[in-house]
Amino acid sequence: LGDLAIYAKNQGRYPETRALYEESAAILAQQVAREPIHYLNVLNGYAFCLIDLKDYEAAQRTLETALETTDVVRKNEANKVFALLGNNASKLPLIQFFLHLNLAYLFLEVHELAEAEVRLRAAEALLPTLSSSEQASWRDYCIAIRALWEIESGRFTEAARKVAEARNPDHPRCLRVRAKL
């Protein structure tokens with residue numbers, strides 16, 4: 001259902017997308033102890049759908065629910081719940097990183113700079129905990145969100161300096177920053 005939701009979103013069929021994400025999240029919530037990663041991924045995708053629809057309150061609730069779930073999983077590291085994650089356990093920091101970045105992006109969309117800064121700092125603190133390949137893959141996304149924050153703060157020179165640090169200047173978020181500048 002989550003994959004169908006992505007497909008429907010890419011087709012611009014938002015009412016169907018929303019229903020698919022909601023159904024998928026409801027099903028996966030029942031299995032969160034066994035498969036938290038899938039649940040978290042669906043919540044993240046659903047939140048971005050809600051951001052696109054400008055339903056910012058629902059997007060915030062969805063992302064915060066996901067972050068609360070990661071906190072529960074982390075607290076149970078030594079317990080059976082975490083052991084069931086197997087190889088997926090290493091994905092938890094990456095998911096937390098994304099959730100914080102996506103909350104920062106959401107707060108930028110609604111011009112809540114202080115809240116965006118808190119989430120951005122949390123994401124930036126998680127970046128060094130990711131594997132080197134994950135850091136390489138997602139560093140530019142983090143840089144772009146920081147640069148968007150700089151733009152919203154009126155620090156255009158700093159935003160330009162920050163986006164210039166990106167390894168891939170054609171990253172979609174970096175392109176957005178450069179377009180705004």
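- In this structure, the side chain to side chain donor-acceptor pair (under 3.5 Å) partners of Gln31, at least two apart in sequence or on a different chain, are Arg34.
- Applying the side chain to side chain contact (heavy atoms under 4.5 Å, CB included) test to Arg155 and every residue at least two apart in sequence or in another chain returns Trp149, Glu150, Ser153, Glu158.
- Listed by first and then second residue, the salt bridge (charged side-chain N to carboxylate O under 4.0 Å, His left out) pairs involving residues 37-47 amount to none (not counting sequence neighbours).
- Arg121 pairs by the side chain to side chain donor-acceptor pair (under 3.5 Å) definition with Glu117, not counting sequence neighbours.
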Would you mind writing out the side-chain donor-acceptor pairs for residues 105-116 within the sub-3.5 Å range, not counting sequence neighbours?
{"from": "Tyr105", "atom 1": "OH", "to": "Glu109", "atom 2": "OE2", "distance (Å)": "3.4"}
{"from": "Tyr105", "atom 1": "OH", "to": "Arg176", "atom 2": "NH1", "distance (Å)": "2.6"}
{"from": "Glu109", "atom 1": "OE2", "to": "Arg176", "atom 2": "NH2", "distance (Å)": "3.2"}
{"from": "His111", "atom 1": "ND1", "to": "Glu152", "atom 2": "OE1", "distance (Å)": "3.0"}

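- Judged as a side chain to side chain contact (heavy atoms under 4.5 Å, CB included), and not counting sequence neighbours, the contacts of Asp170 are Asn168, Leu175, Arg178.
- Counting only residues at least two apart or on different chains, no ring pair (Phe, Tyr, Trp, His ring centres under 6.0 Å) pair has a member in residues 153-181.
- Residues Phe97 and Leu130 are in side-chain contact: their nearest non-hydrogen atoms beyond the backbone lie under 4.5 Å apart.
- With sequence neighbours left out, the ring-ring contact (aromatic ring centres under 6.0 Å, His included) criterion links Tyr39 to no other residue.
- For Glu22, the salt bridge (charged side-chain N to carboxylate O under 4.0 Å, His left out) test picks out Arg18, with sequence neighbours left out.
- Among residues two or more places apart in sequence or in another chain, the side chain to side chain contact (heavy atoms under 4.5 Å, CB included) test is passed with Ala8 by Arg13, Glu16, Thr17, Leu20.
- Under the 4.5 Å side-chain criterion, counting only non-hydrogen atoms from C-beta, Thr65 is not in contact with Gln60.
- Among residue pairs with one or both ends in residues 135-144, those qualifying as side chain to side chain donor-acceptor pair (under 3.5 Å) are Asn102-Tyr141; sequence neighbours excluded.
- Contacts classified as ring pair (Phe, Tyr, Trp, His ring centres under 6.0 Å) and involving residues 4-28 (residues at least two apart or in different chains) are given here: Tyr21-Tyr46.
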